[in-house]
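Encoded as structure tokens, the structure appears first; notes follow it.
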There are 2 protein chains.
Amino acid sequence: MTDNGWKIPEIAVAVDLAVLTVRDDALQIMLVERGVEPFRGMQALPGGFLSDVAESLDAAAERELAEETGLDPSALHLEQLHTYGTPGRDPRQRVVTICYLAFAPDPPAPVAGGDARAASWVPVATALHPGTRLAFDHGEIIRDAVERARNKIEYTTLAAAFCPPEFTVAELRRVYEVVWGELLDPRNFHRKVTGVAGFLVPTGGRTTRQGGRPAALYRRGPAHLLHPAMPRSPAPDATGTS
Amino acid sequence: MTDNGWKIPEIAVAVDLAVLTVRDDALQIMLVERGVEPFRGMQALPGGFLSDVAESLDAAAERELAEETGLDPSALHLEQLHTYGTPGRDPRQRVVTICYLAFAPDPPAPVAGGDARAASWVPVATALHPGTRLAFDHGEIIRDAVERARNKIEYTTLAAAFCPPEFTVAELRRVYEVVWGELLDPRNFHRKVTGVAGFLVPTGGRTTRQGGRPAALYRRGPAHLLHPAMPRSPAPDATGTS
DNA sequence: GCAAAAGTGTTCAATATACACCCATGG
DNA sequence: CCATGGGTGTATATTGAACACTTTTGC
């Protein structure tokens, strides 16, 4: 880091949150309705400006998550996604926002938090639909978040972070199918996930079903990485010949 | 993004660069010697504060790269790595720095740029050695950069970004071996990389050698993703049982 | 018994691994 | 003709893909 004259321009620093979940067979994202200008009344990612108290970026993201959505930061996966700072992305002044990506389980405490004005789950397809008016460059951020999520569940065990504390193999498979938008073979999937050491821990419980054999219940195991990765139909290489 | 009172604390925003290359059979990183306090005389990543002119983060990274290292931004791969903002990481005031990762080919114009005071290539092993005094939290950043590089060459064609415009399969293999710190079978590696469509484009040229069959020369092809990925001995899962 | 969903076994193809072997050059 | 590194062939093991089939429940 150099010191080109040590002139620090007035740049505001914010932290935004892209909180994803899988609900009703759809990938959904937490959005809030803006109560003030600019973009008043439009949908936006939860977030806020960085306070100057001694607080790390990660801690700021966790604080915003709790304040704006009422979700428990310790109960879900949170990681830095990307930092956005294009001039003009905020009409008021230069704002650089560090965006975090979170994976939340399905019914994550019915969205009742302190500052949560109009926080709600919105299907990603709806949020990105041209008809939806999104504040700032949040459409671009949502696209990046979804792409990161799609990639991460391929080589990590994070798909289980979308599931409740106890879940079945079929529920986990549905997560992959919804996030990737493609159907997986239930038989091969079952063998795959139960074969990876540390991915799933059987609880001994079984589901009660409405016709059909009961499924075994699992908890998330200690493994974070998947070796080998979950197989997936090769993504078309958008930036060149694959 | 919310507006908690619209009080913007005095936070400085910087852009830092982790520029990696493979030289002399070692992964090396570009460091500059700091000329001013704090950390005067210590080694640091090139970078600088974000100017308030209308300039995107990517553009700022490219500008810093040109100014501080003399490298041509258009000639190498540049991507956002991570944003660091731990309180106290700069003793002067709160500084949030957006760090970029760059992959440079071997002899990248002998480090002669404008502001390049004492820019030099340093083996990563040396930079991270306890004896080396690094400014700020740049040791942590370098570790993150190396880990990202190790992962990226696995499923992208970026390893070729470490090679000169024309290179042999053996040179590319050496890149993998140096970055991963493990030896690869030359025969299988050759078949693998020449078999991936769009990875390597033969130029028709051949090397002149000092004993040994001349090798075919290749250029980087249009492909960016590797399907399937370059095989690699499974990394131990540091955060759980794999 | 029948429908439905869970879970197992088996076959076949694609890919990784190991390594024998041939090729092309300089000395 | 030998040393040296480039490049191909091939056998074996591992993994993915497809799908027949068995298990266990509700009705």
Side-chain angles (χ1 to χ4, degrees), chain A residues 25 153-155 159 163 166-178 180 182-197 199-219 223 225-235 242, chain B residues 25 153-155 159 163 166-178 180 182-197 199-219 223 225-235 242:
Chain A
D25 280 350
I153 63 173
E154 195 168 344
Y155 61 94
C163 296
E166 298 209 346
F167 56 94
T168 66
V169 171
E171 288 178 288
L172 181 62
R173 174 168 47 84
R174 202 74 201 110
V175 167
Y176 276 95
E177 292 180 334
V178 163
W180 282 349
E182 72 187 63
L183 294 178
L184 303 176
D185 185 302
R187 287 93 43 117
N188 292 334
F189 182 86
H190 186 281
R191 216 195 331 264
K192 171 78 186 179
V193 294
T194 54
V196 174
F199 193 175
L200 302 182
V201 178
T203 67
R206 319 211 134 247
T207 51
T208 305
R209 309 198 81 355
Q210 62 304 333
R213 173 177 174 175
L217 286 170
Y218 297 88
R219 271 195 304 273
L225 262 42
L226 234 47
H227 276 294
M230 186 68 62
R232 181 186 178 189
S233 36
S242 106
Chain B
D25 280 349
I153 64 173
E154 195 169 345
Y155 61 94
C163 295
E166 298 209 347
F167 56 94
T168 66
V169 170
E171 288 177 287
L172 181 61
R173 175 168 46 85
R174 202 74 202 111
V175 166
Y176 277 95
E177 292 180 334
V178 163
W180 283 348
E182 72 188 66
L183 293 178
L184 302 176
D185 185 303
R187 287 96 38 119
N188 293 334
F189 181 86
H190 186 279
R191 216 194 332 262
K192 171 79 185 177
V193 294
T194 55
V196 175
F199 193 175
L200 302 181
V201 178
T203 67
R206 321 212 131 244
T207 50
T208 305
R209 309 199 72 11
Q210 63 304 334
R213 173 177 172 175
L217 287 170
Y218 296 89
R219 269 195 306 273
L225 262 41
L226 234 46
H227 276 295
M230 186 69 63
R232 179 186 179 191
S233 36
S242 107

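Here is how names work: the chains are called A, B, and so on, in the same order as the sequence lines, proteins then strands, and each is numbered from 1.
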Subject >> base_contact_polar (D/dG26 base, A/Arg213 side chain, donor-acceptor, <3.5 Å) >> reply: no

**OP:** Using atom types as modelled and distance alone, determine if a side-chain donor or acceptor of B/Thr207 lies under 3.5 Å from a backbone N or O of B/Ala215.
**Re:** yes

Original post:
Can you find a donor-acceptor pair, distance only, under 3.5 Å between B/Arg191 side chain and D/dG9 base?
Top reply: yes

Subject >> Closest heavy-atom pair and its distance - A/Leu184, A/Glu177 >> reply: N-OE2, 3.0 Å

Subject >> Given DNA chain C, 5'-ward residue of the pair B/Pro231 and B/Arg206, judged by closest heavy atom >> reply: B/Pro231

Subject >> For the student: nearest non-hydrogen atoms of A/Ile153 and A/Leu226, plus distance >> reply: O-CD2, 4.3 Å

**OP:** Figure out the CG/P separation between A/Asp185 and C/dA5, and round it to whole Å.
**Re:** 15 Å

Original post:
Once you round it to whole Å, what is the distance between C1' of C/dG7 and NZ of A/Lys192?
Top reply: 18 Å

Original post:
Mapping A/Asn188 and B/Ala215 onto DNA chain D by nearest heavy atom, which one lands closer to the 5' end?
Top reply: B/Ala215

Subject >> Side-chain N,O (B/His190) to OP1/OP2 (D/dG6) below 4.0 Å >> reply: no

**OP:** Looking at every strand, decide which applies to A/Pro228 at a 4.0 Å heavy-atom threshold: base, sugar-phosphate, or nothing.
**Re:** sugar-phosphate

**OP:** Return the value, rounded to whole Å, for the distance between atom CG of B/Leu183 and atom C1' of C/dT17.
**Re:** 15 Å

Original post:
D/dG16 P sits how many Å from A/Glu182 CD, rounded?
Top reply: 15 Å

Subject >> For B/Phe189 against B/Met230, the heavy-atom pair lying closest together >> reply: CE1-CE, 3.9 Å

**OP:** Taking B/Glu154 for its side chain and B/Ala229 for its backbone only, find out whether a donor-acceptor pair lies under 3.5 Å.
**Re:** no

Original post:
What is the distance, rounded to the nearest whole Å, between atom CG of B/Leu226 and atom P of C/dT15?
Top reply: 13 Å

Subject >> Interatomic distance, A/Tyr176 OH vs D/dG16 C1' [rounded to whole Å] >> reply: 15 Å

Original post:
Taking atom P of C/dA16 as reference, at what distance in whole Å does atom CZ of B/Phe189 sit?
Top reply: 13 Å

**OP:** For A/Phe167 and C/dA6, give me the distance from atom CZ to atom P, rounded to whole Å.
**Re:** 14 Å

**OP:** Please tell me which of the listed nucleotides, D/dC19, D/dG7, D/dG6, lies nearest to the side chain of B/Ala216?
**Re:** D/dG7

